[in-house]
Amino acid sequence: MNKIAVIGLGYVGLPLAIEFGKKFQTIGFDINQNRVRELLAGHDSTLEVSDIELEASDMLEYTYEEGRLADSDIYIVTVPTPIDENNSPDLSPLEKASALLGRYISKGDVVIFESTVYPGATEEVCLPIIEKASGLKFNQDFFAGYSPERINPGDKINTLTKIMKITSGSTPEVANFVDELYGSIIEAGTYRASSIKVAEAAKVIENTQRDLNIAIINEFAKIFNKLNIDTEEVLKAAGTKWNFLPFKPGLVGGHCISVDPYYLTYKAQEVGYRPEVILAGRRINDGMGEYVATQLVKKLSSEKIHIDEAKVLILGFTFKGDCPDVRNTKIIDIVNELKDFNMSVDVYDSWADPSEVEREYGIKLVSELEYRKYDGVVLAVDHSELKEMGERKLRELGKDKHVLYDVKHVLKANEADIRL
């Protein structure tokens, strides 16, 4: 019977390890010892998996000891693939994971990558590292597959087993094997791509397409704001046509949509093509935090509220509602821009881990809301608890004279002073 090792126990790896652990002997490995300890204690801080679900996999073990990987024969890599300060792919986590596997992989083993990459990265970057570290020959001694993750953090409806899985393999036989492996746990079924590169490309354009769709809506919002037209009303009207796509304006953060387009554009430029539409969309979406801050400053000024040392409360810091994930959150852009105007900025988010926010962004979250304190209140993330507050309670956070900015279109048009 096969023994599976899942490398990386974050938002993607943990749900995968749990599902495989219901049917196969499975090792969940992560270099973060604290992460492993919390899972052994029966809790997932990402909230992707409930404490009850953590107990449901009888054949799953967690470890940070790499030697425990030696007796596995299927290795699934789910490590992050971020970008660097120049918006270029940072493949170092993937390279380190490949070197790790090279120390333990044996003849006949299969390694499957799930991390989002540009087309060709698996075969051009990862597999040569494994070959060098192991002394084994790819497609002779060991084999590979690619099955891109499609996890939507915080989504309790479209969970792992309910999302169709793309699969691929380095040979036709391995492609069949990988497809059947995932087919054993994915209720929604699988789609076998013709090659690893096709599977890589399919994944990277999924989020690139979504990024561009949001970018055009964000540009619409900027235009309609200048025309004094409510964007949401326009979208509702346009949405009465059957083929109008229901996207909304907003901040585009997180580990996928705001990152993946840069992987595709990097590879495109490497082969001599400079993308125009994709990069234009990125520029628009990357600039939305600054735009929100500027809109708030203009409104405060028009209300004769002194900008210098004004107090602003940002409600929400995670990259999306009802989710603790703060990776690549664009709320930080709002905070930094407002601070550049010499404003005092407080950030409240009961979902975010305060220690992680302070470590990664240098911000101390306020633990309690103070009323009648702020010149500006920005509803930046649509957490359920914030939506339930409604206009009255949100305005109670502000001084007698204040500005309420609804970034997420939670309130009605006439309830907020500004809406994105």
Side-chain angles (χ1 to χ4, degrees), residues 221-222 225 249-251 253 286-324 326 328-420:
K222 289 183 175 182
N225 285 342
L251 304 174
D286 275 347
M288 290 307 292
E290 180 181 348
Y291 176 78
V292 167
T294 301
Q295 290 295 101
L296 177 63
V297 169
K298 288 180 178 179
K299 186 64 176 177
L300 288 168
S301 180
S302 71
E303 295 294 326
K304 302 297 190 290
I305 297 174
H306 191 50
I307 301 300
D308 191 44
E309 297 184 356
K311 296 183 183 298
V312 175
L313 174 65
I314 307 291
L315 293 170
F317 191 76
T318 63
F319 89 90
K320 65 185 294 188
D322 293 347
C323 174
V326 298
N328 296 329
T329 177
K330 295 304 177 183
I331 309 299
I332 188 63
D333 295 343
I334 302 175
V335 174
N336 290 339
E337 189 70 14
L338 293 177
K339 286 183 176 179
D340 284 345
F341 282 95
N342 200 33
M343 293 183 175
S344 172
V345 182
D346 285 346
V347 182
Y348 173 84
D349 195 318
S350 63
W351 282 81
D353 179 351
S355 61
E356 182 182 6
V357 172
E358 185 169 6
R359 182 177 67 252
E360 297 296 329
Y361 297 98
I363 292 176
K364 289 187 177 181
L365 298 178
V366 296
S367 57
E368 294 182 3
L369 293 173
E370 294 186 52
Y371 292 87
R372 306 297 180 191
K373 178 180 179 180
Y374 299 98
D375 301 289
V377 177
V378 180
L379 181 55
V381 183
D382 55 349
H383 293 314
S384 295
E385 64 180 282
L386 299 179
K387 291 193 290 186
E388 290 169 2
M389 290 179 71
E391 180 194 7
R392 184 178 63 82
K393 288 188 176 180
L394 288 170
R395 287 198 178 279
E396 286 177 358
L397 297 167
K399 297 177 181 178
D400 290 341
K401 190 175 184 181
H402 67 271
V403 170
L404 175 59
Y405 193 152
D406 179 13
V407 175
K408 297 298 294 183
H409 286 216
V410 168
L411 305 173
K412 294 177 181 178
N414 62 348
E415 293 180 335
D417 299 309
I418 326 176
R419 294 207 301 173
L420 182 58

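Just so it is clear, the values below take in all heavy atoms, side chains as well, and ignore hydrogens, waters and symmetry mates. Just so we're clear, the structure is a prediction, and the values are computed from it rather than from any experiment. Position 1 is the first residue of the sequence; numbering continues from there.
The shortest non-hydrogen separation linking Ile363 to Val335 is CD1-CG1, 3.9 Å. Scanning both residues, Asp322 and Ser384, for their nearest heavy atoms gives OD2-OG, 2.5 Å. Residues Val357 and Ala352 approach most closely at CG2-CB, 3.9 Å, considering heavy atoms. Listed here is the closest heavy atom pair of Asp333 and Gly289: CB-CA, 3.9 Å. Contact record, Arg372 with Lys399: O-CG, 4.0 Å, taken as the closest heavy-atom pair. Ile307 and Ser301 get closest at one heavy-atom pair: CD1-N, 3.9 Å.
Comment: Arg395 engages Asp417 in a salt bridge, judged by a side-chain N to carboxylate O separation of less than 4.0 angstrom.
Side-chain atoms of Leu296 and Val378, non-hydrogen and from C-beta on, do get closer than 4.5 Å to each other. Side chains of Ile334 and Leu251 form a contact here, defined as non-hydrogen atoms less than 4.5 Å apart. Inter-residue side-chain proximity for Leu300 and Phe341 is flagged as unmet; no heavy-atom pair is nearer than 4.5 Å. Using a 4.5 Å heavy-atom threshold, the side chains of Glu360 and Val326 count as separate. Between Leu397 and Leu315, some side-chain heavy-atom pair lies under the 4.5 Å cut-off. Side-chain contact between Val381 and Trp351 is absent, with no heavy-atom pair separated by less than 4.5 Å. Using a 4.5 Å cut-off on side-chain heavy atoms (C-beta onward), Lys412 and Glu391 make no contact. With contacts defined as side-chain heavy-atom distances shorter than 4.5 Å, the pair Glu337/Val297 does not qualify.
Taking the centre and axis of the six-membered ring of Tyr405, the NZ or CZ atom of Lys299 falls outside the cone set by 45° and 6.0 Å.
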- Message: Would Lys393 and Leu369 count as a side chain to side chain contact (heavy atoms under 4.5 Å, CB included) here? Give the steps.
- Response: CA-CA 11 Å; Lys393 288 188 176 180; Leu369 293 173; over 6 Å; no
- Candidate pair Leu313 and Glu370, rule side chain to side chain contact (heavy atoms under 4.5 Å, CB included), full reasoning: CA-CA 10 Å; Leu313 174 65; Glu370 294 186 52; over 6 Å; no
- Message: Using side chain to side chain contact (heavy atoms under 4.5 Å, CB included), reason through Leu386 and Val410 one step at a time and then give a plain yes or no.
- Response: CA-CA 9 Å; Leu386 299 179; Val410 168; over 6 Å; no
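Within the 3.5 Å criterion, the main-chain N or O of Gly253 finds no donor-acceptor partner in the side chain of Asn328. Not one N or O on the side chain of Glu290 forms a donor-acceptor pair closer than 3.5 Å with the backbone of Gly287. Not a single donor-acceptor pair under 3.5 Å links the side chain of Asp375 to the backbone N or O of His306. Listed for the His409 side chain is no donor-acceptor partner under 3.5 Å among the backbone atoms of Arg419. Of the possible polar contacts, none joining the Asp406 side chain to the Ala416 backbone as a donor-acceptor pair under 3.5 Å is found. In this structure, the side chain of His402 does not engage the main chain of Gly376 through any donor-acceptor pair within 3.5 Å.
The local environment of NZ in Lys311 is sparse, with at most 12 non-hydrogen atoms from other residues, nucleotides or ligands closer than 6.0 Å.
Taking CG of Asp382 as the reference point, atom NZ of Lys320 lies at 9.5 Å (rounded to 0.5 Å). To the nearest 0.5 Å, atom CD of residue Glu385 and atom OG of residue Ser350 are 3.0 Å apart. Here the CG atom belonging to Leu338 is positioned 9.0 Å from the CG atom belonging to Asp340, to the nearest 0.5 angstrom. A distance of 10.5 Å separates NZ of Lys408 from NE2 of His383, quoted to the nearest 0.5 Å. Note: Lys298 NZ to Ile418 CD1 = 10.5 Å, rounded to the nearest 0.5 Å. With values rounded to the nearest 0.5 angstrom, Asp346 atom CG is found 4.5 Å from Lys373 atom NZ.
Note: Tyr361 and Phe317 have perpendicular aromatic rings, judged against thresholds of 30 and 60 degrees for the angle between ring planes.
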